[in-house]
Each structure stands twice: as structure tokens, then as C-alpha cells.
Number of protein chains: 2
Amino acid sequence: MDEETDGILQNRPAARDLDAIDRRILGVLVDDATISYAELGDRVGLSPPAAHERVKRLRRSGAIRNTVAIIDPRAVKKALLAFVHIDTRGWGKTPELMAVSQYPEVEEIHTVAGDTCMLLKIRTEDTRALEGLLARLYETPGVTSTRSYVVLSTYLERPVQPGITETWPTPKHMAEPLY
Amino acid sequence: MDEETDGILQNRPAARDLDAIDRRILGVLVDDATISYAELGDRVGLSPPAAHERVKRLRRSGAIRNTVAIIDPRAVKKALLAFVHIDTRGWGKTPELMAVSQYPEVEEIHTVAGDTCMLLKIRTEDTRALEGLLARLYETPGVTSTRSYVVLSTYLERPVQPGITETWPTPKHMAEPLY
DNA sequence: CATAATGGCCGTATTCTATTCAGCAGAGAA
DNA sequence: TTCTCTGCTGAATAGAATACGGCCATTATG
């Protein structure tokens, strides 16, 4: 349904500021995007077509990136979470980033202020799979480990989720290997 | 539309294993949950009612936790990301966790293997808001800082996102202050 | 072995929702 | 004032979700 897919390092044209109703719409949809436009309109005080028009505009402007199902990792046997720092001194950035972002187990990549590393959030089935992934990762030219730690137990993960400063294209083959 | 909301530390009844079609459905919906059941059925080789039945079952079993809109933090002026460790020695866990998970800026809470800390992922508007949040956080009894770092630039954030080992209820007032 | 029961699928029918459209009202500009 | 633009409403239409009856394969059961 999204007619445009993200390009490499594409920056959106800077959307117009949101008003109060827009923010309330986002607040509703970030919790549950399965409601009807009639219901949404009720909650924010608009008619169904008006609510629909707002949502369309929010999608066009990029404020709503997309609408997705949130999967329980236990159901697909992907419940081990790890945060891994990799040293990025001497990187050419783009090709290495592309390589790293190819792995479907890598959910997030951030640069860290005041440091020469990047932080990866990685979700795998078990420690064996994690070790395998790290081994493959460190074969990537320019990637070396600094430190990492594994998550024992997760108490909160909120459904808020987006590319921020620069957005990398989500590898489309992800759907296959992950699930 | 979800008839049941998560309870405190509630564990789902352990869903039956997923077959190949279930996994393909999840793989589709985790990318885009706005498609019709006709389209979904096409992609996985089922009729629309059969695809619908599968998705209903996946929802009932908890494999699909919910369906949400992914918001661009820039649009709502929440683009500063920080990872913060807090020391948790001497915690009673539950009340402190409840207090910490009340802040809508706190997106994730994890315990770390082999350490006495918890890792928080925090998203705020700017450094001022982050400092304010940290100040309030450290007023929480039992919460002390160990180390933290701020994310300069995010290259990848994938729409996969769930409560894992134990699930905390998402504070419902979140919708108001955040958006 | 025969046969009943079950689970999952399909095609059709119906209900409900999304979407389009015409017209109206308020805000801002000339 | 008057024009224009934007965003709203309610009604009409197109389209999707959902319910239902029947079919087939697999598995349990006498």
C-alpha cells in the first residue's frame, strides 16, 4: 500500500508541523492501528472521512512510516537479545553499513556520541546463533568488536520504532530468513 | 479491537508451533499490515477467508501481539536517543520497575547477563529533556546511574518489537504526553 | 478395515468499512 | 468586501472483512 519505499540515506522533505489532532491520531494509532476510521474519528472528534484524510496526510508526509504487526519473538523462536559495539575507525561507512544492515538479526544500528563505535541491537534464537552471527559480522572488512553484552530478560519494549537522522533501506529479503 | 490487554508479568499459554505458512504470514505482516486479506492470501497461497482465519489464530495465540503505526520521531520532535545503565543492586524490582516504566520516554528495559544493571533505551526531544528525565529517574528510590551514552545518528531501526521474557503493561497514559 | 470425527480449506453471501464526492464554512489575502 | 484555499460534513458507492455451508484429507475409534 505504501507507494514509495525508502531510498538510501533519503531525507524526507521536512513535514509541516503537526497540530493537536494529528498528535492525538498518532497517539491512538501507535497503540492500535486496527481500529476503523469511524472509531478513530470518534476518539479525536472528527468524521470518518476527515480522520481518513488526516491519516493519509500523515502517511504522505512520513510522520507515519508504516503500519506493521508486532510479533512475539518467542513465537518465532527469536528471544535472545544482545547489544554489541563495533569499532568503526577506518570505515568507509556506506559499504560496511550496507553489509551489516543486511543481516536480518540486526535490528538497530546507531552511532554513539563521543565514541568511535557503533551500537548494534541483535536478536537471535540462542547463543549459538548469536555466536555465528558475530563470527560472520567480524569477517566484514573494517568491523572489529569492542564490547558487547547479552540481555537476560526484557521487561519493556514499546511499539515505537523508526529511522531517525538517516534511514537505511530495510533489506527486503528480511521477511524470508527471519520468519 | 484487541479484546484482552496484557496483565502484569503475564505469560501467554505457550502457543502451538507455527507452520511454514504461519511464518510467511508473519513475515508479510511485520513489513506491512495494511494489505487486504485477499492480497495476503495471494502472497501465501490461501483464499482470503483462510488467510483471515490464520491471522485470527495468530492473534489469539499471541504470536501477533498487536498492530501499530510506526511513527517518525522527527515528526513529533522526539529524535534524541540514549542508552542508560542503572544500577539495580538492592532493588525490590517490581515497584521500581513500575515507576521506571511509567515514563513514556523509556522505550525499553532489559536486564543484562552477568551484571547488576539494567539497560534503558530512552527517546526524548533534546538533551535538556533527557537531563530532566534522568534527574527524575534518579529520584526513584533504588535507582542509581552507572554509565550512559547518547546516540548521534541512527542508521537502522527495524519494525520488530515485542515484550519477551516477561511483559510489562504499556502505560496507557503514554498516548497523551508523547504525541 | 470401515467409519466417524476433526481441522483446514474453498466459494458464496452478507455486513461493515473505506473511499469518493458534492457542498459548506472559516481563515487569510488582495 | 470578495476571492481563494483548506478542511470539514453527510450521503453515496466501491470494496473489504466476516459468516456460513460444504468439501476433502488426515487421524482417531469401534
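Letters go in sequence order (proteins before strands), and every chain restarts at 1. Note that the structure is predicted; figures quoted are calculated from it, not measured.
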Taking atom [atom2] of [N] as reference, at what distance in whole Å does atom [atom1] of [X] sit?
X	N	atom1	atom2	value
B:Arg59	D:dA17	CZ	P	11 Å
A:His52	D:dA14	NE2	C1'	13 Å
B:Asp19	C:dC9	CG	C1'	13 Å
B:Ile21	C:dC10	CD1	P	9 Å
B:Glu53	D:dC20	CD	P	13 Å
B:Tyr37	C:dC16	OH	C1'	14 Å
B:Leu40	D:dA16	CG	P	14 Å
B:Leu46	D:dA17	CG	P	14 Å

Looking at the side chain of [X], which of [options] is the nearest nucleotide?
X	options	result
A:Arg54	C:dA18, C:dC10, D:dC8	D:dC8
A:Lys56	D:dA19, C:dA18, C:dT20	C:dT20
A:Ser36	C:dT17, C:dG8, D:dT9	C:dT17
B:Ala50	D:dG7, D:dA17, C:dC9	C:dC9

Q | ring pair (Phe, Tyr, Trp, His ring centres under 6.0 Å) pairs, two or more places apart, involving residues 115-137 of chain B | A | none
Q. Tell me, which pairs form a ring pair (Phe, Tyr, Trp, His ring centres under 6.0 Å) where one or both residues lie in residues 60-82 of chain B, sequence neighbours left out?
A. none
Q. Which residue pairs pass the side-chain hydrogen bond (donor to acceptor under 3.5 Å, both in side chains) test with at least one member in residues 110-120 of chain A, sequence neighbours excluded?
A. A:Glu108-A:His110, A:His110-B:Thr154
**Q.** salt bridge (charged side-chain N to carboxylate O under 4.0 Å, His left out) partners for A:Asp126, two or more places apart
**A.** none
Q: Please report how far the helix from C:dC1-D:dG30 to C:dA30-D:dT1 bends, comparing the axis fitted to its first five pairs with the axis fitted to its last five, to the nearest 10 degrees.
A: 20°
Q) Considering all heavy atoms of both residues, which atom of B:Ala129 and which atom of B:Thr124 are nearest to each other, and what is their separation? A) CB-CB, 3.9 Å
Give every donor-acceptor pair under 3.5 Å between a side-chain atom in residues 131-143 of chain A and any protein atom, sequence neighbours left out.
from     : atom 1 : to       : atom 2 : distance (Å)
A:Tyr138 : OH     : A:Ser145 : OG     : 3.2
A:Thr140 : OG1    : A:Leu137 : O      : 3.0

Q) With a 4.0 Å cut-off on heavy atoms, is B:Pro49 in touch with a base, just the backbone sugar-phosphate, or nothing at all? A) base
Q.
One thing to verify: whether B:Glu107 and B:Arg123 come together as a salt bridge, which I'm taking to mean a side-chain N less than 4.0 angstrom from a carboxylate O.
A. yes
